[in-house]
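Remarks on the structure that follows.
Being a predicted model, the structure only gives us computed values, none of them experimental.
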Amino acid sequence: MEFAKAEEGVLESEANNNKRLDFIDTTAVADLSSLPSKTLMRAALSLKDQVVAITWERRRVLGVGVGVDPTVYSGLLGTAFTCFRSYQANSNHQDLVICTDIIDTCAEIISTANSRHVTFLCGKGGVYALGSVVANCIGDHQKRDMYLNLFLEVAQERALPAGPEEGGFGMSYDLLYGRAGFLWAALFINKYIGEDNKLSSDLLMPIVEAVLDGGRAGASVNSSCPLMYRWHGTRYWGAANGLAGILHVLLYFPLCKEDAEDVKATLRYMMSKRFPHSGNYPSSEGNPRDELVQWSHGATSMAITLSKASEVFPGDREFRDAAIEAGEVVWKNGLVKKVGLADGVAGNAYAFLSLYRLTGETLYEERAKAFACFLYHNAPKLMNMEHNSPGVDHACSLFQGLAGTACLWFDLLAPQNSRFPGYEL
């Protein structure tokens with residue numbers, strides 16, 4: 001009961017932060033969406049440099065040690081990811097140098113932190129996956145192999161491929177802390193590491209099957225939804241801890257007909273449970289509150305996941321239509337109070353970039369640019385950050401701060417290649 005009350009308080013806080021800004025009209029912002037590419041690049045590089053200065057260079061002066069968050073989601077490794085994204089946009093080798101230094105520091109911290117999390121966003125998997133990829137980019141094959149071996153050690157965690165019949169409910173299935181998050185880290189490695197060093201399907205597919213089996217075991221016998229998962233007792237639907245995130249990861253793997261049908265039927269079940277007046281998605285199974293439109297909860301992550309489903313199942317037009325409808329929910333909801341990827345304007349902008357890649361329609365690129373332009377004019381003010389203020393690292397983090405905005409601006413330079421950090425590949 002106490003946890004339920006605490007969780008309700010978290011969702012209420014998120015709902016307050018998700019309220020549309022009364023003084024901004026998205027139609028007015030759209031008139032400002034023609035930022036020149038050079039201006040956008042300068043802004044992205046400048047913001048990236050500020051994030052590095054605050055989260056990394058200041059830390060080096062003060063001493064990197066106790067209390068440093070080494071994760072991608074809210075910590076120092078998110079700065080490394082932003083530098084990697086900067087390198088992809090402008091090919092500046094110095095970005096990789098900074099990225100390497102940060103990764104090595106995070107690896108040292110996480111090795112002594114006794115972290116039990118194995119995911120890309122919140123665990124060891126992210127440190128070792130990004131470490132191997134960046135080392136490969138630099139050409140340091142010795143370091144690449146070191147990080148790959150460390151990742152393979154994480155992959156030996158016996159709980160990862162354990163199915164329900166083997167007591168496999170001990171490790172969660174979600175993107176932030178569970179098996180889907182580990183699988184995403186593996187996919188990230190395989191995308192960038194080269195054919196000779198790819199992780200084998202023999203390693204990954206047993207974990208995929210465990211995720212599917214866990215979803216079947218978690219589904220209600222009387223429900224038309226074949227896959228369902230609990231995180232701390234709640235059946236969440238969003239990207240961070242729920243169905244949207246888990247299904248999105250599964251869509252990147254080759255699925256047999258039965259598994260593919262279960263994924264599709266779960267998506268159809270979610271589509272059937274949309275709020276009738278708004279078209280938004282519940283934050284969890286049976287939750288009647290229609291307040292959250294963001295990546296963590298609501299239509300944003302569903303627009304992205306359904307876009308991926310439309311790509312994987314092109315013959316099922318309903319997924320494409322539902323993705324477009326979810327994007328309309330994000331647009332009509334307007335600009336939320338936060339700036340980050342998890343629950344802010346930057347994360348919502350990525351829904352439009354996914355739809356742009358899916359449809360090729362410039363409308364969605366323009367909408368993403370409208371949100372990005374709002375951030376260009378307002379993000380630092382909304383964060384109200386000072387270099388030495390408490391929580392400044394949090395304010396610059398990838399998912400809850402300004403680093404995510406920098407990544408969005410880099411992605412808008414080539415929207416056809418855009419990818420939501422830590423979610424799309």
Side-chain angles (χ1 to χ4, degrees), residues 4 7-22 25-27 174-175 218-220 222-231 233-248 263-310 316-338 342-345 347-352 354-355 358 364 367 371 420 423:
E7 189 61 32
E8 184 176 339
V10 170
L11 288 175
E12 183 175 354
S13 175
E14 287 183 341
N16 289 335
N17 288 318
N18 198 73
K19 299 291 187 185
R20 178 170 171 165
L21 293 171
D22 294 333
D25 182 353
T26 50
T27 57
D174 63 309
L175 187 71
S220 171
N222 298 320
S223 172
S224 58
C225 184
L227 302 174
M228 188 60 71
Y229 305 87
R230 289 177 177 84
W231 189 76
T234 301
R235 297 182 180 95
Y236 286 108
W237 281 30
N241 299 114
L243 276 172
I246 297 167
L247 296 176
H248 191 261
V263 169
K264 289 196 285 186
T266 302
L267 288 170
R268 292 188 185 109
Y269 173 82
M270 298 174 77
M271 289 155 55
S272 74
K273 298 296 182 179
R274 286 172 286 186
F275 292 113
H277 297 297
S278 69
N280 192 26
Y281 288 79
S283 61
S284 60
E285 178 78 356
N287 193 322
R289 300 171 66 184
D290 181 8
E291 295 178 307
L292 302 174
V293 180
Q294 54 194 47
W295 176 80
S296 297
H297 305 284
T300 302
S301 58
M302 284 303 295
I304 298 171
T305 294
L306 287 165
S307 292
K308 180 64 181 176
S310 180
D316 294 277
R317 178 79 187 197
E318 62 194 308
F319 297 132
R320 178 188 175 95
D321 293 342
I324 291 171
E325 290 168 11
E328 289 302 308
V329 174
V330 177
W331 180 250
K332 290 175 181 177
N333 185 69
L335 294 155
V336 295
K337 287 186 176 180
K338 289 190 175 183
D343 50 12
V345 177
N348 284 1
Y350 272 101
F352 305 131
S354 292
L355 289 168
L358 176 67
Y364 298 112
R367 288 181 172 182
F371 276 30
F420 191 115
Y423 198 53

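- Judged by distance alone, with hydrogens and angles left aside, the side-chain atoms of Ser310 form no donor-acceptor pair with the main-chain N or O of Leu306 at under 3.5 Å.
- Aromatic ring orientation, Tyr350 versus Phe420: tilted (interplanar angle from 30° to 60°).
- For Phe371 and Trp331, the distance between ring centers is under 6.0 angstrom.
- Shortest non-hydrogen contact noted between Met271 and Ala322 is CE-CB, 3.7 Å.
- Under the 30°/60° scheme for interplanar angles, the aromatic rings of Trp295 and Tyr423 are found to stand perpendicular.
- In terms of modelled atom types and a separation under 3.5 Å, the side chain of Thr234 and the main chain of Tyr236 share no donor-acceptor contact.
- Taking the charged nitrogens against the carboxylate oxygens, Glu325 and Arg320 have no contact shorter than 4.0 Å, which rules out a salt bridge.
- In summary, the side chains of Tyr229 and Glu285 do not present any donor paired with an acceptor at a separation below 3.5 Å, with no hydrogens or angles considered.
- Side-chain contact of Asp290 with Ser278: a donor-acceptor pair under 3.5 Å is present, judged by distance alone.
- With salt bridges taken as basic N to acidic carboxylate O contacts below 4.0 Å, one links Arg268 and Asp316.
- Put simply, the side chain of Asn348 gets close to the backbone of Val293: a donor and an acceptor are under 3.5 Å apart.
- Separation of atoms NE2 (His297) and CG (Asn241) is listed at 7.0 Å; rounding is to 0.5 Å.
- Residues Phe319 and Ile324 have side chains not in contact (no heavy-atom distance under 4.5 Å, counting atoms from C-beta outward).
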